[in-house]
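Quick notes on the structure that follows.
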2 protein chains.
Amino acid sequence: MNAERQSWKEVRDRIRDQILDRTYAPGDKLPRDADIAEQFGCARTTVQRAMQDLSDTGLIERKRKGGTHVRTDPVSRATLDIPITRLEVEKSGATYGYQLIDRRKLPMPRDIAAKLEQVEPIPMLRVQALHLADHNPHIFEDRWVSLETAPEILDVDLTRYSANEWLVRNKPYTRFDLRIYAISADEKIAKMLATEPGSALLVIDRTTWIGTATITSVRSFTVPGYQLLASN
Amino acid sequence: MNAERQSWKEVRDRIRDQILDRTYAPGDKLPRDADIAEQFGCARTTVQRAMQDLSDTGLIERKRKGGTHVRTDPVSRATLDIPITRLEVEKSGATYGYQLIDRRKLPMPRDIAAKLEQVEPIPMLRVQALHLADHNPHIFEDRWVSLETAPEILDVDLTRYSANEWLVRNKPYTRFDLRIYAISADEKIAKMLATEPGSALLVIDRTTWIGTATITSVRSFTVPGYQLLASN
DNA sequence: CAGTGGTCTAGACCACGCA
DNA sequence: GCGTGGTCTAGACCACTGT
């Protein structure tokens, strides 16, 4: 008998191999799940699972009635893990430090309102803080927290605990988005990160929601040389 | 009326809500799948699917025998789509242009070898090219292609077609990784991107493999202001 | 309308990892 | 060992969407 060490991964790999070796070229239509299942001698559910995975990674495209096709323009779909800064630092073996720079209630600026998809102005807390690695600046964060969604933040001792950590532990989000880009450090940021004005910095803007309610929007200025890693 | 619109998403959302409202706090153990299934009046498979999703997005952690726990340190797991540059430009409504800068066989430099996890030196083709949007520089790419894995690249007219596109269409990868960071443009890069030396640029290093064989390693220098977007 | 992928079920066995 | 999640099966019905 075939002896086939069954599993949906096995099926996925074999289909992927057939795509790689051009048995099915970009644009080609693959057989229906049912036929593939029969060919492999497994249940359709198993094929479904394998196909789902190939679809998730962007190699194929599936449509009801239309069938399954090899994508003409494969997408690189990478998973990016944004860790809690403290854990990231500690994992690297360095000593983590944290320093509150500023904390005040302020009216919500226009650009923040836009990011939060917020029309009505809501009361917000602005928190600026510095994350340290081995006593050196690592990330400077400029954060706006909605006092409607997270009023309890006012009672948190932000000189000791980072707003980041409190929020992530107490206000899980249902949705977020990220914007990653590079800027030249202006004088203030440079001083904060103990680097030269004009240094190239990686900046990460991140906004989170819980349902449709906005939680926080934070701009993180990373120290020169900081890298984000992703893979599939 | 509840009307139980059954589906694994329904189950996922209800569990997530219970985590958000602290019915299950960070660190807590959730009931076994079987019990949840009974509670919801659905099959265990359906619960399994829902849990899988919550696990994928980093909200819970599952272990055989250990059971399911709410993560103490939720990870922000974002999906990052790296499109083919031409499609990205065209999608923005701009006219795409492409220009080959240099193409030559070269011995593999040490740092590239390291990125490719390659011990033995292999013959490589170095391709430098510029992607344009509305006749303005958009991305400058500095690429190394393995001639062992992709010897056919030598026959491709790279003055007309980008190596990126040829590779993505003809050498699908099974694995890749990304490294994203910021640099200050040096004189050469600045000239290439028609900007000032010292400008902050977002740089993306990407290396791809097919199985354990290396395909290509490319460093993309993006024009000032370029942004990467990700979300969940 | 009809074909194809998406989901669900009930039940079974497997595999990992904690006690 | 044994409890829990992971996978598989065979069959059913649903929901899109191309023709």
**Asked** Does the side chain of T57(B) pick up a donor-acceptor pair with the side chain of R77(B) at under 3.5 Å?
**Response**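 Their side chains do not contain a donor-acceptor pair, so the 3.5 Å distance test is not met.
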**Message:** To check you understand the geometry: which heavy-atom pair defines the closest contact between R71(A) and P26(A), and what is its length?
**Reply:**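 What the structure gives for the nearest pair is O-CB, 3.8 Å.
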**Asked** By a strict heavy-atom criterion of less than 4.0 Å, which residues belonging to residues 49-56 of chain B are in contact with DNA chain D?
**Response**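 Close to the strand, none.
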**Asked** Is the closest basic N to carboxylate O distance between R16(A) and D13(A) below 4.0 Å?
**Response**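 D13(A) and R16(A): salt-bridged.
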**Asked** Under 4.0 Å between a Lys/Arg side-chain N and an Asp/Glu carboxylate O for R62(A) and D33(A)?
**Response**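 Looking at D33(A) together with R62(A), the answer is yes, because their closest N to O distance falls below 4.0 Å.
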Taking OP1 and OP2 of [N], is either one under 4.0 Å from a side-chain nitrogen or oxygen of [X]?
{"X": "R32(B)", "N": "dG3(D)", "answer": "no"}
{"X": "Q48(A)", "N": "dG5(C)", "answer": "no"}
{"X": "T68(B)", "N": "dG5(D)", "answer": "yes"}

**Request:** Hey, can you tell me if Y96(B) and H131(B) have their rings parallel, tilted or perpendicular (30° and 60° cut-offs)?
**Result:**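 Rings of Y96(B) and H131(B): tilted, as their planes differ by 30° to 60°.
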Round to the nearest Å and state the distance from [X] atom [atom1] to [N] atom [atom2].
{"X": "K29(B)", "N": "dT4(D)", "atom1": "NZ", "atom2": "P", "value": "6 Å"}
{"X": "H69(A)", "N": "dT17(D)", "atom1": "NE2", "atom2": "C1'", "value": "12 Å"}
{"X": "W8(A)", "N": "dT7(C)", "atom1": "CH2", "atom2": "C1'", "value": "17 Å"}
{"X": "R62(A)", "N": "dG18(D)", "atom1": "CZ", "atom2": "C1'", "value": "17 Å"}
{"X": "E38(B)", "N": "dT9(C)", "atom1": "CD", "atom2": "P", "value": "14 Å"}
{"X": "F40(B)", "N": "dT9(C)", "atom1": "CZ", "atom2": "C1'", "value": "17 Å"}

Under 3.5 Å donor-acceptor, [X] side chain and [Y] backbone:
{"X": "Y98(A)", "Y": "L158(A)", "value": "yes"}
{"X": "K171(A)", "Y": "T216(A)", "value": "no"}
{"X": "D134(B)", "Y": "T95(B)", "value": "yes"}

**Asked** Around E90(A), counting heavy atoms of other residues, nucleotides and ligands shown, do more than 12 lie under 6.0 Å from its CD?
**Response**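 Yes, CD of E90(A) has more than 12 neighbouring heavy atoms, counting only those of other groups under 6.0 Å.
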**Request:** Any chance you could list the contact pattern along nucleotides 10-19 of chain C? Use B for base contacts, S for sugar-phosphate-only contacts and - for none, protein heavy atoms under 4.0 Å, 5' to 3'.
**Result:** BBB--BBBB-
